[in-house]
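Per chain, numbering begins at 1; letters A, B, ... match sequence-line order.
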Amino acid sequence: MSDTTSSETVTRPVSSPGPTGDPLLRVEGLVKHFPIRQGIVFKRTVGQVQAVDGVSFDLHEGETLGLVGESGSGKSTVARTLLRLHEPTAGRALFEGRNLFEMSASEMRRARRDIQIIFQDPYASLDPRMTVRDIITESWEIHRDVVPRNQRADRAKVLLERVGLNPDHINRYPHQFSGGQRQRIGVARALALEPRIIVADEPVSALDVSVQAQVINLLEEIQDDFGLSYLFIAHDLSVVRHISDRVAVMYLGRIVEIGTEDEIYEHPVHPYTQALLSATPLTDPVKARHRPDRILLEGDLPSPSHPPSGCRFRTRCFRAQAECSATDPELIDREGHGHPSACLFPEVRTAWGETSAS
Amino acid sequence: MAESTTSSDAILIDVPDPGGPLLAVENLEVEFRTDRGVVKAVNGATWSVNAHETVAILGESGSGKSVSAQAIMGIIESPPGFVTNGRVLYRGEDMLAMPRQQRRAIRGAKIAMIFQDALSSLNPVFTVGFQLSEMFKVHEGMGRSDARTRSIDLLEQVGIPSPEKRFESYPHEFSGGMRQRAMIAMSIALNPEVLIADEPSTALDVTVQAQIMELLANLQREYGMALVLITHDLGVVAEVADRVNVMYAGRIVEHGTCLEVFTRPAHPYSVGLMESIPRADMKGRRLTPIIGSPPDLANLPSGCAFHPRCRFRHSNCFDTVPPVVDVPGDGRYAACHYTDEVREAEVRV
Amino acid sequence: MTDSQKTDINNTTATESGFPRVPLETDAAAAEEVTGPESGLWRDAWRQLIRNPAFIVGGLLILGYAFMALFPQVIAPQGTGRALCDTGAGAQPPSREFIFGLDEKGCPYYPRVIYGVRPSLIIGPSVAVFSLTIALIFGTIAGYYGKFTDTVIARITDVFLALPTILAALVFITAFRNASPDDPTVSWPLRFLSGVFEVFDDFTGVRGIGLVVFILTLLGWTTMLRLARSSALSTKNADYVEAARALGASDFRIMTRHILPNSLAPVLVYATITVGVAIVAEATLSFLGVGLKVPAVSWGLQLSVAQGRLQNDPHLMFFPGIFLAGLVFSFILIGDAVRDALDPKLR
């Protein structure tokens, strides 16, 4: 295989043959390190957890970008940093050309109307002391010009109905709803400001299988109705494939491969993507028993405070070579696979047999 | 290793007819008597497992899948939990009717269980090695150094690197996957005939999950264990199970071989599950979810517990509990009034 | 097997084919019933409370005490006037004429004990409310902002927590006692505070009560603040707080709408206990001679007098003592009941 690390490919961080035109959101070189502090009264910083270390991607209008990775990959940190729930260590996030990370408090407050978030745990994300009405209308109390005071209750009911809840339940408390219903409330809250981007942080992982599909369908419906763009974060590769147009795979604070849903799932080139897909159980018992040999990764995720030199995946990689510890691979398309990957030795390997098997 | 376990407790166990299932649960009913009423967790569950076989109990939260396993292991806290009906047959003998001593000899030694949460199942104040070797000392009367050697062997067997060093480690020093391996080591230490795995890989990342499932499959092959896999994950079931029991509201609503249940489900709930899961291996069509939520076990719907969510329902489903009926296929049965209709329906799988 | 079973199925289907299909309402979750009536944590807690015998008993007792404090003239119409006293008689044990006996000055003891409830019932709740306010405000701020703000507030709390309550109270009260609001040689903050105390005294009609409430509050807020702070700490990272922040909520809104309501419960429970503690502390201070001033009628003062006469006139100790114990007991009962009602884990 090739030993070139430099390439004539433009080093613009991410370019995949997705939608063209200016992206709605462009994230460039996002870094978030959390200091590790010790001491009781006088704390000193003894290290940095490199939760996110140089992540770049584009999100286009009306598109769903899936962000997959296992725990410790930094995918949730990306979400929270984008919304400035954490302050970024470095990087830019250009929303319609304006950098979210340099906005003043009041500019940011205005920008929050356009970017909202849905959380994983429908039990933790709703204030137990608030009624559904309070939860939904809170956004309009913060942004008073969106909905006039006397119309708020009616609008809240309309929203509830839109997310598939009975508007008569507007005065109930969250604990009276089932998990799926609560997640719908969370969706309604995110929709209240009519945002353009919704960051969905594992929105269905905490739900029962039979309820997951309800919420996935709801998210797809409202995407069409409201013209939303999603940054959809999940560890479940099946869910991500179902909902995403493009997918980015994260490992230890970096994106290792990004491409269209088809490129990532049918023609993965990064060994980590391949391992992930190979480990994902298939729900088709015939296919599940006739798949190519499983890639079983060795060892555990390295500590994000002391990531390996060179390629971060090399310590567990089945294709690792000496060069991998010396060179930190850029996220580029090396072999003309059509989509970028951060591997010096990219190679297509599918995780299951023929696509049209069953 | 296999020879060494024919020791003290072998006397207690009659050698039964070889044909019957190793472990069977019959009409099991378990309820929890709480302040807010009687929670009917298991309502007449029947399933069985043979040697060398992997049987899955597939269900969502609150389906009673874990409670039935806990009833087998006798680890239901009572009160509030009570086994109100049914039998748990180990080699044809009802464990619930056995003298306590005999029951205890079977549990742990012949039937072992691993849990979803390995951290809380291991004692944090003792080293993993100590906890392992205690089992050999107590159950097999081994000396200290023998027990240590056996423990290290076992740790190696479940794929824990540098087992001599890990023998001295405490549970919190293990990663999630390693902890699960350690717990698997403890559960197979006494060479059980039945291993009940309750969501063994749910809390783990997908790559680690694959390792654990692979390990379980290898161990099963090696020791000829019967494996009962309790899970909500259809993918895990499709990958490893020979037979599957679909559980809903405390009942087994459908049973059959993995292939048949997944490709031609006979119960509306199984249909709903198949239609509501997205697939990793193809860009799917729109999902068809099951409406509503799993039932409140303290307040089960009348008739068929699934009728409020069922798109095949007829008027009698509202008041008549469906009997278990045989369904064409390999030992298949389902608890539905309209299995034929369900099987004829076009199901997206 | 299949044959018999097959026919069996066929039979069932045949007999049951008469049942009509009942289509599902496809409007997913809207059809799903929401369990239980409209309610909230506070309403649930209240429902739980009024079913708790401890709360009923404690509540009724406190209502009784409150009635005593508000309308003492109804229960003891004779009042506490000097005219009733038989100065020569001295202390007398209970008799048919004077059911609580006479005190050391020969005054009827019954009305004095009845009138003595008022200071206790003012001091207890006042101290609790003032301490609660301080604790919630600063505890929430400390927990929410963390870092330097937290360090400063936490250290100040530690200092106050380290003060031995009664000794500190003695010192403070003695210092303030000498500060008259009209004395120009006294520094202005002391004069100002003394002025405030006088207003409070006049308002309640009990001399010296302002100072006592002030001192007990000063020494009473620390534990509650720690509770409020730790609740705020655990709440501030909750997803619903993050969600509010993502909506653009200000710190003030997050603290008042999300953090305070969620940290109120544990602090409130402790506040009910503080009521009893403050009542006992007032009695102790008055007993030690630094609490309320003599024209005031209070159980602490009565107990203070009674201490030297325990051997000869035990009734002087008994009556205020039993009333005081009853009042403190009622507040403890209520505190327990509130804790049970607000702690979902005990449900």
Which bit of B/E239 comes within less than 4.5 Å of chain A, counting heavy atoms only: side chain, backbone, both or neither?
-> both
Chain B contacts, top residue of A/A288, A/G72, A/S244 (heavy-atom pairs, under 4.5 Å) = A/A288
Is the side chain of A/R291 donor-acceptor paired with the backbone N or O of A/S278 at a distance under 3.5 Å, no angle test?
-> yes
Could you tell me which of B/L204, B/V261, B/I290 has the largest number of non-hydrogen atom pairs under 4.5 Å with chain A?
-> B/I290
Backbone N/O of B/G331 and side chain of B/H255: donor-acceptor pair under 3.5 Å | yes
Inter-residue atom distance A/L296.CG - B/T207.OG1, 0.5 Å rounding | 9.5 Å
Pair A/R162 + A/E221: basic N to acidic O under 4.0 Å | yes
B/Y248-B/R309 side chain donor-acceptor pair, cut-off 3.5 Å | yes
With a 4.0 Å cut-off, would you call B/E254 and B/R332 a salt bridge?
-> yes
Check each atom of B/E214 against the heavy atoms of chain A and say whether the ones under 4.5 Å are side chain, backbone, both or neither.
-> side chain
So, the side chain of B/K40 versus the backbone of B/A298: is there a donor-acceptor pair under 3.5 Å, distance only?
-> no
Which region of A/I216, side chain (C-beta onward) or backbone (N, CA, C, O), has a non-hydrogen atom less than 4.5 Å from a non-hydrogen atom of chain B, or is it both or neither?
-> side chain
Largest heavy-atom contact set with chain A, pairs under 4.5 Å, which of B/G159, B/A241, B/A210, B/A280 | B/A280
Given that the side chain runs from C-beta out, which part of B/L273 has a heavy atom under 4.5 Å from chain A: side chain, backbone, both or neither?
-> side chain
Measure distances from B/M178 to the heavy atoms of chain A and classify the residue's part below 4.5 Å as side chain, backbone, both or neither.
-> side chain
Interchain contact, A/I243 with chain B, by part (heavy-atom threshold 4.5 Å) | backbone
For the candidates B/P294, B/P161, B/G176, which exhibits the highest count of non-hydrogen atom pairs separated by less than 4.5 Å from chain A?
-> B/P294
Which residue out of A/Q212, A/R294, A/E220 racks up the most heavy-atom pairs below 4.5 Å with chain B?
-> A/R294
So, A/Q181 and A/R172: side-chain donor and acceptor under 3.5 Å apart, yes or no?
-> no
Salt bridge check: are A/R241 and A/E266 linked by an N-O gap of less than 4.0 Å?
-> yes
Of the listed A/D262, A/V211, A/L297, the one with the largest count of heavy-atom pairs under 4.5 Å with chain B is A/L297
What part of A/E261 is in contact with chain B, defined as an atom under 4.5 angstrom from a non-hydrogen atom: side chain, backbone, both or neither?
-> side chain
